[in-house]
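Read through the structure below, which is laid out as structure tokens, and then see the notes.
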There are 2 protein chains.
Amino acid sequence: METERKSSGTVGKALSVLDQVASFERPVRFNDVLEDSPFPKATLYRILQNLVTEGLLTFDREWQTYSLGVRLVRLAHSAWTQSSLAPVARPHLTALSEATGETIHLAQLDGPHVLYLDKRDAKRRITMFSEAGKVGPAYCTGVGKAMLAFLPKDELERILPQQSYHRFTPATLCSQQALTGELEQIREHGFALDREDHEPGIICVAVPVLSRTKQMMGAISITSTSARTSLGKLEKLVPDLQNAASEIATAAEYWRFPDNQRTPEKMEI
Amino acid sequence: METERKSSGTVGKALSVLDQVASFERPVRFNDVLEDSPFPKATLYRILQNLVTEGLLTFDREWQTYSLGVRLVRLAHSAWTQSSLAPVARPHLTALSEATGETIHLAQLDGPHVLYLDKRDAKRRITMFSEAGKVGPAYCTGVGKAMLAFLPKDELERILPQQSYHRFTPATLCSQQALTGELEQIREHGFALDREDHEPGIICVAVPVLSRTKQMMGAISITSTSARTSLGKLEKLVPDLQNAASEIATAAEYWRFPDNQRTPEKMEI
DNA sequence: CCTTTGGTTCCGAATAGTGAAACTAATATT
DNA sequence: AATATTAGTTTCACTATTCGGAACCAAAGG
């Protein structure tokens with residue numbers, strides 16, 4: 001389930017190493033990295049050193065281990081607050097969660113994966129950093145399918161073959177063909193269902209967040225368990241979801257022009 | 001207050017551009033970046049393109065703007081959960097905040113700055129992603145001074161001249177000399193005080209988190225207002241703080257060896 | 001003492017990055 | 001309508017970085 005990026009250029013190589021270190025999920029020694037690295041010893045060594053001096057990795061002298069550097073956390077804070085839908089969506093997610101009493105997700109696409117940017121859990125109302133930033137598969141989650149369905153054709157064609165199509169449950173759509181058919185349906189209805197595709201007992205409805213120009217910006221979903229509710233009941237919440245989605249979209253549109261730069265009037269072309 | 005990194009090598013240059021884009025705090029057009037960039041047009045252009053294809057930036061075709069890419073959020077999630085003190089410290093921070101009823105911070109150094117990794121606010125008990133990742137000055141915050149005081153001499157000498165020494169309040173220590181003196185005190189007492197150095201009315205006590213080998217790993221603090229409490233009362237909480245700090249340190253130590261790799265026994269050299 | 005394992009350094013060859021300048025596509029100006 | 005200006009993109013000869021095989025070093029194991 002690792003992201004395979006076309007790592008051209010020097011930065012690409014460096015980042016692929018960074019990703020690899022991240023994938024270990026613990027501090028690693030030089031040899032651990034070397035073992036499944038496409039790079040020869042000397043090259044890898046230099047790349048790691050570079051990453052350390054750039055602050056993307058930290059090197060623990062005592063243990064001779066590399067781990068991800070705090071500089072990333074700082075960058076991500078900026079990324080989260082400015083580039084994504086997350087900050088503008090926040091109040092709407094809260095409202096949705098209070099109105100429905102269910103779990104809410106906000107996600108965007110990161111390459112072929114779904115990246116969760118925010119989450120509201122109805123029970124303990126707490127959103128932690130450790131929740132945002134998680135990745136999941138696109139082909140078998142509500143938000144994933146909702147987003148794929150509204151992607152431009154060329155991008156979709158690039159992403160579909162990159163899905164793993166692993167069978168998680170009996171309901172998982174395990175082939176590109178099956179998925180394409182489902183996406184067609186979703187496009188028609190305007191919303192996606194997760195019929196326990198990913199986890200047994202977990203169901204959800206999701207809608208895309210579309211800009212004024214019908215560009216897909218992300219997706220939001222309401223998740224529950226098949227024990228507590230049913231797909232039918234969830235479908236009744238679709239209007240609320242769509243409402244929230246369009247509010248988020250317009251909020252995001254405005255949010256780009258706090259006061260300076262191009263004026264909102266100019267948008268009306 | 002911008003971080004000036006020695007951007008040698010190709011990745012360094014790319015990252016400096018990334019930082020620059022981040023510093024705008026809004027989507028930017030090519031020319032905005034060009035205007036105060038050390039790089040010539042063509043070079044900057046290519047660097048930006050690289051960053052986009054690497055997913056560190058996203059390019060909005062409609063508006064022709066660059067903003068930080070979601071890939072950073074994913075990386076930061078890994079960074080937060082694995083490289084930093086944050087995950088192991090979490091339960092201890094919660095405990096502290098419940099015991100004292102005050103605001104708790106966990107911070108590490110990111111170059112010359114303080115980077116906040118977690119926060120517990122006593123009132124509305126909510127920790128949001130948008131809180132972690134914030135940066136602040138080191139020379140005039142409790143956590144900052146606590147960390148500087150326990151830094152190895154050579155590192156300290158590199159970092160001290162990089163502080164801005166801006167006067168925020170009458171109590172701010174505005175010179176390297178004044179700061180050095182204070183650090184001496186802190187080293188003696190084992191804890192740092194923020195006597196409204198940074199914000200009027202805001203006071204705090206902070207202690208460093210030190211590893212078994214006395215390496216400085218971060219700092220934690222209890223913050224309050226001068227209206228609600230006093231420095232004297234805060235000082236009474238130092239033992240609790242130090243307790244938490246040492247628990248965090250040992251937890252972090254163990255956390256490095258979930259099961260595999262070097263065994264804990266080997267640590268006893 | 002020799003060998004193995006893990007990590008670091010060298011240096012010529014190969015590659016990727018550089019940036020002045022030319023070009024295009026949109027406004028704005030005369 | 002013709003021209004100037006501004007913003008963004010492409011080209012290409014030049015050059016600085018990066019690459020990586022091989023040699024080297026240091027510590028642990030026999």
Side-chain angles (χ1 to χ4, degrees), chain A residues 5-21 24 26-54 56-67 256-257 260-263 265-269, chain B residues 5-21 24 26-54 56-67 256-257 260-263 265-269:
Chain A
R5 304 241 180 196
K6 53 272 148 192
S7 52
S8 59
T10 312
V11 275
K13 289 173 198 166
L15 284 171
S16 78
V17 172
L18 190 64
D19 269 346
Q20 205 199 329
V21 172
F24 278 93
R26 61 173 169 82
V28 279
R29 312 200 51 174
F30 178 77
N31 227 36
D32 301 334
V33 189
L34 181 61
E35 250 155 38
D36 50 353
S37 176
F39 301 106
K41 216 177 179 184
T43 305
L44 180 66
Y45 182 72
R46 190 170 23 73
I47 294 178
L48 283 172
Q49 278 205 153
N50 272 340
L51 289 172
V52 169
T53 61
E54 293 306 335
L56 298 183
L57 287 180
T58 50
F59 181 68
D60 184 326
R61 194 169 281 271
E62 190 189 351
W63 293 91
Q64 303 208 127
T65 55
Y66 297 88
S67 33
R256 309 209 155 193
F257 331 93
N260 48 3
Q261 292 301 100
R262 308 189 179 195
T263 62
E265 286 78 30
K266 268 210 173 165
M267 287 169 57
E268 302 298 316
I269 300 165
Chain B
R5 304 242 182 197
K6 53 273 147 194
S7 52
S8 60
T10 313
V11 279
K13 289 172 197 167
L15 284 172
S16 78
V17 172
L18 191 64
D19 269 347
Q20 205 198 330
V21 172
F24 278 92
R26 63 176 168 79
V28 280
R29 312 198 52 169
F30 178 76
N31 225 37
D32 302 333
V33 188
L34 181 60
E35 250 154 39
D36 49 357
S37 175
F39 302 105
K41 218 177 178 185
T43 304
L44 180 67
Y45 182 72
R46 192 171 20 72
I47 293 179
L48 283 171
Q49 279 205 152
N50 271 343
L51 289 172
V52 170
T53 61
E54 294 305 337
L56 298 184
L57 288 180
T58 51
F59 181 69
D60 183 325
R61 193 169 281 272
E62 190 189 350
W63 292 90
Q64 303 207 126
T65 55
Y66 298 88
S67 34
R256 312 209 149 191
F257 333 90
N260 47 4
Q261 293 301 100
R262 310 189 176 195
T263 60
E265 287 78 30
K266 266 210 175 165
M267 285 169 54
E268 302 300 314
I269 299 163

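Taking atom CG on A:Asp32 and atom P on C:dT5, their separation rounds to 15 Å, with Å as the unit. Atom P of nucleotide D:dA7 and atom CG of B:Leu34 are separated by 9 Å, given to the nearest angstrom. Straight-line distance from the OH atom of A:Tyr66 to the C1' atom of C:dG6: 11 Å, rounded to whole Å. Taking atom CG of residue A:Asn50 and atom P of nucleotide C:dA16, one finds them 16 Å apart after rounding to whole Å. Look at CD on A:Glu54: it is 10 Å from P on D:dT18, rounded to the nearest Å. For A:Leu48 and C:dG7, the CG to C1' distance is 12 Å, given to the nearest whole Å. For the pair B:Leu44 CG and D:dT9 P, the interatomic distance rounds to 11 Å; values are reported in whole Å. Between B:Arg61 atom CZ and D:dT9 atom C1' the separation is 13 Å, expressed in whole Å.
Using a 4.5 Å cut-off on side-chain heavy atoms (C-beta onward), B:Lys41 and B:Tyr45 make no contact. Counting only heavy atoms from C-beta outward, the side chains of A:Leu51 and B:Val11 never approach each other to under 4.5 Å. Looking at heavy atoms from C-beta onward, A:Asn50 lies out of side-chain contact with A:Lys13 at the 4.5 angstrom threshold.
In this structure, B:Lys13 reaches the C:dT18 phosphate: one of its side-chain N or O atoms is under 4.0 Å from OP1 or OP2. The shortest distance between the side-chain N/O atoms of A:Tyr45 and the OP1/OP2 oxygens of C:dG7 is not below 4.0 Å. OP1 or OP2 of D:dT18 has at least one side-chain nitrogen or oxygen of B:Thr10 nearer than 4.0 Å. One finds no side-chain N or O of A:Arg46 lying less than 4.0 angstrom from the OP1 or OP2 phosphate oxygen of D:dG20. At the phosphate of C:dG7, OP1 or OP2 sits under 4.0 Å from a side-chain N or O atom of A:Arg29.
Of the candidates D:dG8, D:dC19, C:dT8, D:dC19 carries the atom nearest the A:Ile47 side chain, counting heavy atoms from C-beta on. The listed nucleotides are D:dA7, C:dT18, D:dC19; the one nearest the side chain of B:Lys41 is D:dA7. The side chain of B:Thr43 has C:dG19 as its nearest neighbour among C:dG19, C:dG6, D:dG20.
DNA chain C is contacted by both B:Pro40 and A:Phe30; A:Phe30 maps to the nucleotide lying nearer its 5′ end (nearest heavy atom per residue).
The main-chain N or O of B:Leu34 is never found under 3.5 Å from a side-chain atom of B:Ser37 such that the two would form a donor-acceptor pair.
B:Phe59 is linked by a ring-ring contact (aromatic ring centres under 6.0 Å, His included) to B:Tyr66, counting only residues two or more places apart in sequence or in another chain.
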